[in-house]
Amino acid sequence: MSAKHVWNFVRLGGLDQVIINTADDLMNLKDLDQKLWVALSCPVKGTNLDEKTLALIDRDNDGRIRVPELLDAIRWASIHLKDVGTLLEGGDTLPLDAINDGNPDGLGTLASARAILRGLGLPDATSVSLPQAADTVKLFASTPFNGDGIINASASEDPKVKAVIADIITVTGGSPERGGGIGVDQSQADSVYNACTERVGWLEHGKSPDILTLGEATPAAYTALKAVRTKIDDYFARARLAAYDPRALPALNHSEGEYFQLVAKDLSITADELMAFPLVQIAAGHPLPLLTDNLNPAWSAALATLHQDVVTPIFGADKIVLTVAEWKAIKARIAPYATWLEAKSGDAIAKLPPERIQEILADNTRETVNALIAQDKALEPEFNAIHGVERLIRYRRDFPVLLRNFVNFLDFYNPDALAVFQAGRLYLDSRSTDLCIQVAAPSPLAAMSKAYIAYCDCVRPGRPPMKIAACFTQGDSDYLFVGRNGVFYDRQGLDWDAKIFAVVDNPISVRQAFFSPYKKFVRLIEEQVAKRAAAADADANKKLDSAAVGAVGGAVSPKPGDKKVDVGTVAALGVAFGALGTFMTALIGYASGIVAGGPLIVAAALLGVVLVISGPSMIIAWIKLRQRTLGPILDANGWAINGRVKISVPFGARLTDLAKIPAGSNHSLDDPYADKAAILRKRLITVLVILSVIYATRLHAQYLNGGHYFWQSTAAATK
């Protein structure tokens, strides 16, 4: 870090964040320890920043912006601007006097900016806007010559040149142009012309007598030989093995069972199974017959062609059998042509016929194509200068926002702004949340954020569906479950249908944790009551069915005899009631003691009971809420978060809004549909319970006092 530069830091969300306000801050950013950066990389896609701007910063085109690339963008801007602090001003226009004319790069950019304005009929303008520069770049990129070193057929009016360029694209596949089409570059043109030269040379070599050993009949002879070469080699190998050991003959000629399997099918002389059989019955040391009825029918036509195109030109038409030596002589005779053909050059242009290759070389278009590519390449500095104008304006417009969401997270903690990773606002369950992040899918890493996350599928007609991770940081999770519907508004204000498809369950508030045990207890009672009611209903239905069967049958089922009560059961019930009475007596005694201790003792006792029930869940929630952080959520979405971006309880209350009646509204509490009888019963029951506890406590105290006097009087009488 530079010893001269003084940095300004602010603490937000429990995190020390550097402030970038001046040109000196920008130029010294390279010396700021990266451990003090909030983020170390961010994705090009999936944020609210213009992807084209981020792509300009992403110099290696890997889809992510890292610290060195951000610093390189600042360095580039410092060369083209008089004051690099211009980047911090924002706006989609660039004053011409802000461009640095003190070096060749800046001077070229300034000249291009003025050329853009002249082309638009604004020679006296003092600033250039992003739409003006972007339209010029787009227009220039769509011209045949745009500085990318790639040309298409429209670069020439000569039909021969147009045809050659089209052929090069056919052979190589071409390269994408800045204008969006497909053209050819210098390396592709060179490869095709070189391949044409090699192919012509190869064709000329193939005309020599050393290659055409049978003259014009050599190509046909090679084709006929290639068709049966493997099979004839197999025949002579089998014949040699039979000569070595006659016992191998049955196996060499295939078994009788294999013939049975063959004839069991619909047979043709070209059947694949038949082609696997030998050319002729194997005999030890016998030559190979070429024209005989004893040949394998699947190979007889190929052997006849071999006799006509190969054997006859070499040995004469009377040669109808081949020995091993003669077969080797045939292969040696055709070998030069086979070697030449199998090692052919210029395979890159195999898609072009030989006559077209000859035309390409004969038309002498190579120099013309090379000149056109050079002409296009010569315009690269001009295009870069025009492109540099757009790049400078984009940097000025988007760089301040990028810094506030990369070096620091000031936008995230700013109540009047949204961070670039916040996709919009979700309304669901009488609340809204602004911490919505577009994701590809749920990630196990996100659970480490300790936040309650609802993953939602969002759909809108005419738009591709998307998924968001919505973090709820206020309220409770009682009615946040899979299948619930909501409405999501993106940063452009468009509304999407949202449905929860997965949740990451974490505490939302300490208040929720306080009531959680009681809610679980009520749910348990409801479940037990429902089970008992279902069992009673099933038992009643069973009795009705039995009564109905008895009535229809005209007979009443005999009543079961009175069951005798087991003595052990009576004893067990007595013990149970006794224990229950003892417990209730002790409980009442404990309560009376508490009441006798005064209001403070009563309040302390009640608070102790509440803490015993709700304390553990509240402590766990308190710990998790103070561990709540944004990092794991963004890490799962392609960011590299360096600092612990905490979501404190007060900050979480800002991110998620609960439904509130506006101040000053007229609010009537007289609900005509309220169940007033149920409300009255609830209040009466509450009062009766309180009075019963007070009465029982006092009664127990009087009982204890009366017993004390009774024992005192009894003792006095005894004396």
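All residue numbers in this chain count up from 1 along the given sequence.
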Task: Of L29, N408, I641, the residue whose pairing with W37 passes side-chain contact (heavy atoms from CB on, under 4.5 Å) - done: L29

Task: Taking every non-hydrogen atom, the tightest pair across Y452 and L480 - done: OH-O, 3.0 Å

Task: Closest heavy-atom pair and its distance - R178, D148 - done: N-OD2, 3.1 Å

TODO: Kindly indicate, with the supporting measurements, whether the criterion side-chain hydrogen bond (donor to acceptor under 3.5 Å, both in side chains) is fulfilled by S191 and N194.
DONE: CA-CA 5 Å; S191 67; N194 292 339; over 6 Å; no

- [ ] Give the ring-plane orientation class for F651 versus F412, where under 30° counts as parallel, over 60° as perpendicular and anything between as tilted.
- [x] perpendicular

- [ ] Look at the side chain of R491 and the backbone N and O of N48, then say whether any donor-acceptor pair between them is shorter than 3.5 Å.
- [x] no

Task: K162 NZ: over 12 foreign heavy atoms closer than 6.0 Å - done: yes

Open item on the list: Closer than 3.5 angstrom, by distance alone: can the side chain of R394 be matched with the main-chain N or O of K52 as a donor-acceptor pair?
Closed with: no

Task: Ionic contact status for R59 with E69, cut-off 4.0 Å - done: no

Task: Test: R397 and D50 ion pair at under 4.0 Å - done: yes

TODO: Kindly confirm or rule out a cation-pi arrangement of R391 over W76, judged by NZ or CZ under 6.0 Å from the six-membered ring centre and within 45° of its axis?
DONE: yes

Open item on the list: Parallel, tilted or perpendicular, judged at 30° and 60°: which one describes the rings of H387 and F383?
Closed with: parallel

